[in-house]
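Below is one structure, written out as C-alpha cells; the observations come after it.
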Amino acid sequence: MSYHIKLKEYKCPKCEALYVPYEENLPCPSCKTVPMTNVSKEYFRFVDGLITSLRINKINGGSYLPGAWYIGSFVDSIQELVFKIFNYMEIKKPKNMESFTKECLDLMIVDDKSLYLKDYFYKIILKIYSRRKELKVSLWTKISSMFYSFYRETRPISPEMKKIFEEAEAEIKRINNQKNS
C-alpha cells in the first residue's frame with residue numbers, strides 16, 4: 001500500500017501556478033513571487049512526507065516506484081515523479097546526481113506549460129537526496145514487514161497478535177528515529 005500525501009493544493013496568489021511551498025519564503029517557481037500571506041506549516045513537512053512515501057514503497061514492494069499509483073492531485077504527480085527518479089537512480093547508480101536529475105527532468109517534463117517546474121522539482125529531489133540515509137530500509141524492517149504481510153493475509157489476526165505487531169512497528173520507528181537524531 002502506498003502513502004499519498006494529503007495537502008490542499010496551493011496556488012501562487014499572483015499568477016495562480018500550482019506548487020507546494022515546502023520552505024518558508026519559497027518563491028513561486030513560475031513568477032518568482034514570495035507569498036506575502038502566512039503559508040500553512042503543513043506544507044513545510046512535504047519533503048518529510050516524500051521521504052516517508054519512498055520508504056513505504058521500498059518496504060512494501062522492494063522498489064521506490066509502487067506497483068500502482070493513482071494521480072488525483074498535483075501533489076500525487078510530484079510524488080510519482082520523485083518515485084520514478086529515485087527508482088531509476090537506484091538502477092543506474094549515477095556518479096553525479098545533479099546532472100542525472102537534470103537529464104531525467106529534461107526527459108520527463110517537455111510540456112511548455114510545465115517547464116517552469118523543472119528547477120523546482122530539481123531542488124526537491126536534491127533536498128531528498130541530501131537526506132538519502134533516511135531512505136535506507138534495514139533488513140529487520142524488511143523481514144518484519146514481509147512476515148506481518150504474510151501473517152495478515154493468511155490468518156485472521158487476534159487482538160493479542162495485533163498488539164505484538166503494533167509494538168514491533170513502534171519499536172522499529174523508535175529505533176529509526178534515534179538513528180536519524
Next item on the list: Please indicate whether Lys14 has more than 12 foreign heavy atoms, meaning atoms of other residues, nucleotides or ligands, lying under 6.0 Å from its NZ.
Entry: no

Next item on the list: Please answer whether the main-chain N or O of Leu18 pairs with a side-chain N or O of Glu9 as donor and acceptor at a distance below 3.5 Å.
Entry: no

Notebook entry, point to check: Mind checking what makes ring-ring contact (aromatic ring centres under 6.0 Å, His included) contact with Tyr64, not counting sequence neighbours?
Noted result: none

Next item on the list: With sequence neighbours excluded, give me every salt bridge (charged side-chain N to carboxylate O under 4.0 Å, His left out) pair touching residues 92-110.
Entry: Asp106-Lys118

Notebook entry, point to check: Under 30°, 30 to 60°, or over 60°: which ring-plane class applies to Tyr120 and Tyr19, parallel, tilted or perpendicular?
Noted result: perpendicular

Check: When you look at Asn57 and Leu65, which way does the side-chain contact (heavy atoms from CB on, under 4.5 Å) test go after all the steps?
Finding: CA-CA 7 Å; Asn57 292 345; Leu65 187 63; over 6 Å; no

Next item on the list: Spell out, yes or no, whether Val34 and Ile124 are grouped together once hydrophobic residues are joined by side-chain heavy atoms under 4.5 Å, including indirect joins.
Entry: no

Margin query: Restricting to non-hydrogen atoms, name the atom on Leu81 and the atom on Ile125 that form the minimum distance, rounded to 0.1 Å.
Written below: CD2-CD1, 3.8 Å

Checklist line | Distance, nearest 0.5 Å, that separates CD of Glu16 from SG of Cys31 | finding: 10.5 Å

Next item on the list: Show your reasoning for whether side-chain contact (heavy atoms from CB on, under 4.5 Å) applies to Val47 and Arg131.
Entry: CA-CA 10 Å; Val47 173; Arg131 295 172 54 184; 3.7 Å; yes

Notebook entry, point to check: Which residues pass the ring-ring contact (aromatic ring centres under 6.0 Å, His included) test with Tyr88, sequence neighbours left out?
Noted result: Phe100

Next item on the list: Kindly give the heavy-atom pair with the smallest separation between Trp69 and Asp76, and that separation in Å.
Entry: NE1-O, 3.1 Å

Check: Do Lys127 and Glu23 sit within salt-bridge range, that is, some charged N less than 4.0 Å from a carboxylate O?
Finding: yes

Notebook entry, point to check: If you look at every heavy atom in Pro29 and Leu117, which pair is closest and at what distance?
Noted result: CG-CD2, 4.1 Å

Note to self: Less than 4.5 Å apart, side chain to side chain, heavy atoms only: is that true for Val39 and Leu26?
What the structure shows: no

Notebook entry, point to check: For Tyr43, which residues count as a ring-ring contact (aromatic ring centres under 6.0 Å, His included) partner, sequence neighbours excluded?
Noted result: Tyr10

Notebook entry, point to check: For Met97 and Pro94, which heavy atoms make the closest approach, and how far apart are they?
Noted result: SD-CG, 4.3 Å

Margin query: Distance check, rounded to the nearest 0.5 Å: Cys104 atom SG versus Tyr122 atom OH?
Written below: 12.0 Å

Item checked: ring-ring contact (aromatic ring centres under 6.0 Å, His included) partners for Tyr116, two or more places apart -> none

Notebook entry, point to check: For the atom pair CD1 (Ile85) and CD1 (Ile128), what is the distance rounded to the nearest 0.5 Å?
Noted result: 9.5 Å

Notebook entry, point to check: Do Glu90 and Lys58 sit within salt-bridge range, that is, some charged N less than 4.0 Å from a carboxylate O?
Noted result: yes

Note to self: Using 0.5 Å steps for rounding, measure from the CD1 atom of Ile5 to the CD1 atom of Ile78.
What the structure shows: 8.5 Å

Checklist line | Considering all heavy atoms, the nearest Ser63-Asn87 contact | finding: OG-OD1, 2.6 Å

Next item on the list: Show your reasoning for whether side-chain contact (heavy atoms from CB on, under 4.5 Å) applies to Cys12 and Ser30.
Entry: CA-CA 9 Å; Cys12 172; Ser30 181; over 6 Å; no

Note to self: Working to the nearest 0.5 angstrom, can you tell me the gap between Phe86 CZ and Leu50 CG?
What the structure shows: 9.0 Å

Notebook entry, point to check: Nearest heavy-atom pair of Ser53 and Phe83: which atoms, and what distance?
Noted result: OG-CZ, 3.2 Å

Next item on the list: Please test Phe46 against Val75 for side-chain contact (heavy atoms from CB on, under 4.5 Å), starting from the C-alpha separation and ending with a verdict.
Entry: CA-CA 9 Å; Phe46 181 58; Val75 170; 3.7 Å; yes

Check: Any donor-acceptor pair under 3.5 Å linking the side chain of Gln79 with the backbone of Tyr3?
Finding: yes

Notebook entry, point to check: Taking only residues two or more places apart in sequence, or in another chain, which ones meet Lys84 in a salt bridge (Lys or Arg N to Asp or Glu O under 4.0 Å)?
Noted result: Glu80

